[in-house]
Number of protein chains: 2
Amino acid sequence: MKLNTKSRYAVMALADMSKFPLDSPVSLRDISLRQSISLLYLEQIFLKLKKNEIVKSVRGSNGGYVLRKDPKNIKLSEIFQAVDQKVKTVGCKKDSKKGCNGKSAKCITHELWDELDLYINNFFENKNLSDLLMTKERRN
Amino acid sequence: MKLNTKSRYAVMALADMSKFPLDSPVSLRDISLRQSISLLYLEQIFLKLKKNEIVKSVRGSNGGYVLRKDPKNIKLSEIFQAVDQKVKTVGCKKDSKKGCNGKSAKCITHELWDELDLYINNFFENKNLSDLLMTKERRN
DNA sequence: TATATACCCGACTAAAATAGTCAAGTATTA
DNA sequence: TAATACTTGACTATTTTAGTCGGGTATATA
């Protein structure tokens, strides 16, 4: 049970952006250097973040990306959804042909996994970008 | 972020066992049939469960596996540990050479992932095998 | 207006993890 | 002694992950 780099990098990159003036574009190149994330990979990630309206892009020289909302209004759950790494711990769908179907007693643990999904989603639902910065600042 | 089949099957199989008299061995063949899990794969999983003293084996004809403890004393966290699918959402260790090291401000999200791990582990720590059965029985 | 910067985007790929299978056993009971 | 059932290590196909590559387009500024 582990998180993939895409979600992790997305959060890292956005947290990084949050530390700079929110109205001026931050280039992926800078993020790449500061966070040690491949530039090409970041581009892929930001394409998704853009499509999901978490950031907007400013093209051309001195361009970059800008957050579309205040960091305290960007929930981690949004970010995860954007890079489509949905928290779905198990493949067994409500109406799958094989294996677990509602009527048989087979998938006795079905409810458990649903509950787990909700539980984890709840974590991300209650955390926003500015939460991350605060804990960091408190320490320095 | 998804759970692998090994952990899932382990929980399913043990939950299945819990529904039968606790002192007589349940064969993997039966579990395999009831839960639609490959017998060979189950063998692999139960080897680990046995090594970690969650079940004990009874060899020979009419043999099978027996739970070593009462289902209400078997926490899901034990099961996960046994099939060594530790909940460690991120690879970035405290003292890794590359990437995230304590002193630099790089891994700004480090604390977040630690918190997430704790959060998820907490879920498994507070659930035991008999919890699963109860929710099921309540429905029938 | 040339050039450098930076986003855009689909296709591709190496490596790792997952989800099993296989073969060749050993122990026990009926 | 035959059948049942656990034992164990090695092997393998498939899928997923974590990127890279190539060839763009848009914009600012010198």
Side-chain angles (χ1 to χ4, degrees), chain A residues 1-13 17 24-33 35-68 80 83-86 88-92 98-99, chain B residues 1-13 17 24-33 35-68 80 83-86 88-92 98-99:
Chain A
M1 183 132 186
K2 61 181 210 279
L3 207 57
N4 53 24
T5 55
K6 229 163 215 164
S7 332
R8 185 155 53 99
Y9 291 171
V11 175
M12 285 171 70
M17 284 178 70
S24 60
V26 179
S27 76
L28 293 188
R29 196 177 142 277
D30 287 352
I31 298 177
S32 162
L33 291 172
Q35 303 293 332
S36 309
I37 303 171
S38 143
L39 175 59
L40 291 155
Y41 201 27
L42 271 180
E43 288 185 346
Q44 221 184 88
I45 293 167
F46 271 75
L47 223 58
K48 295 189 176 201
L49 294 176
K50 190 194 161 195
K51 267 184 198 138
N52 286 272
E53 311 198 322
I54 291 172
V55 296
K56 64 185 171 205
S57 65
V58 179
R59 300 183 70 155
S61 171
N62 286 327
Y65 285 93
V66 181
L67 294 175
R68 286 181 89 108
F80 276 72
V83 292
D84 61 27
Q85 308 300 336
K86 31 188 169 287
K88 192 80 205 63
T89 47
V90 148
C92 136
K98 50 168 16 184
Chain B
M1 183 134 187
K2 59 180 213 279
L3 208 57
N4 52 24
T5 55
K6 230 164 215 163
S7 331
R8 186 153 53 98
Y9 291 170
V11 175
M12 285 170 69
M17 285 178 70
S24 61
V26 178
S27 75
L28 293 190
R29 197 175 142 280
D30 287 351
I31 298 178
S32 162
L33 291 172
Q35 303 294 333
S36 310
I37 302 170
S38 144
L39 174 61
L40 291 155
Y41 201 28
L42 271 180
E43 288 183 347
Q44 219 181 90
I45 292 167
F46 270 76
L47 219 61
K48 295 189 175 203
L49 294 176
K50 188 192 165 199
K51 265 183 200 141
N52 285 273
E53 312 199 321
I54 291 172
V55 294
K56 64 183 171 211
S57 65
V58 179
R59 298 182 72 155
S61 169
N62 287 327
Y65 286 93
V66 181
L67 294 174
R68 287 182 89 108
F80 276 72
V83 292
D84 62 25
Q85 307 300 337
K86 33 188 166 287
K88 191 79 208 62
T89 48
V90 149
C92 133
K98 49 169 17 184

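The chains referred to below are lettered A, B, ... by the order of the sequence lines, with proteins before strands, and numbering in each begins at 1.
Phosphate proximity of C:dC8 to A:Y65: present, with a side-chain N or O under 4.0 Å from OP1 or OP2. Regarding contacts with the backbone of C:dG20, a side-chain N or O of B:Y9 is found under 4.0 angstrom from either OP1 or OP2. In this model, the phosphate group of D:dT16 is not approached by any side-chain N or O of A:N4 to a distance below 4.0 Å at OP1 or OP2. Phosphate proximity of D:dA18 to A:S38: absent, as no side-chain N or O sits under 4.0 Å from OP1 or OP2. Contact check, B:T5 against C:dA19: a side-chain N or O comes under 4.0 Å of OP1 or OP2. In this model, the phosphate group of C:dC8 is approached by a side-chain N or O of A:S57 to a distance below 4.0 Å at OP1 or OP2. Considering only side-chain N and O atoms, A:N62 lies nowhere under 4.0 angstrom from the phosphate OP1 or OP2 of D:dT27.
Side chain of A:N4 to main chain of A:S7: a donor-acceptor pair is present (N/O by atom type, distance under 3.5 Å, no hydrogens or angles). The backbone N or O of B:I37 sits less than 3.5 Å from a side-chain atom of B:S32, completing a donor-acceptor pair.
Listed candidates were C:dA19, D:dC6, D:dT7. Nearest to the side chain of B:K50 is D:dT7. The listed nucleotides are C:dT29, D:dT8, D:dT16; the one nearest the side chain of B:S61 is C:dT29. If you check D:dT29, D:dG22, C:dA23 against the side chain of B:L40, the one that comes closest is C:dA23.
Atoms NZ (A:K56) and C1' (D:dA26) sit 17 Å apart, rounded to a whole Å. Atom CG of B:L39 is separated from atom P of D:dT4 by 13 Å (rounded to the nearest Å). Distance, B:I45 CD1 to D:dT7 P: 14 Å, rounded to whole Å. A straight line from CD1 of B:I31 to C1' of D:dA5 spans 12 Å, rounded to a whole angstrom. Nucleotide C:dT18 holds its P atom 9 Å from the OH atom of B:Y41, rounded to whole Å. A straight line from NZ of B:K2 to C1' of D:dT16 spans 7 Å, rounded to a whole angstrom. The separation between B:F46 atom CZ and C:dG20 atom P is 15 Å, rounded to whole Å. Rounding to whole angstrom units, NZ of residue A:K48 and C1' of C:dC8 are separated by 15 Å.
Here the closest non-hydrogen pair linking A:V66 and A:S24 is CG2-C, 4.3 Å.
Two residues are said to be in side-chain contact when any heavy atoms from C-beta on lie closer than 4.5 Å; B:Y9 and B:I31 fail this criterion.
Classification of the B:F46-B:Y65 ring pair by plane angle, with boundaries at 30° and 60°, yields tilted.
Put simply, the side chain of A:R59 and the base of D:dT25 share a donor and an acceptor less than 3.5 Å apart.
Where A:Q44 and A:L47 meet DNA chain C, the nucleotide closest to each residue was compared, and A:L47 sits on the side nearer the 5' end.
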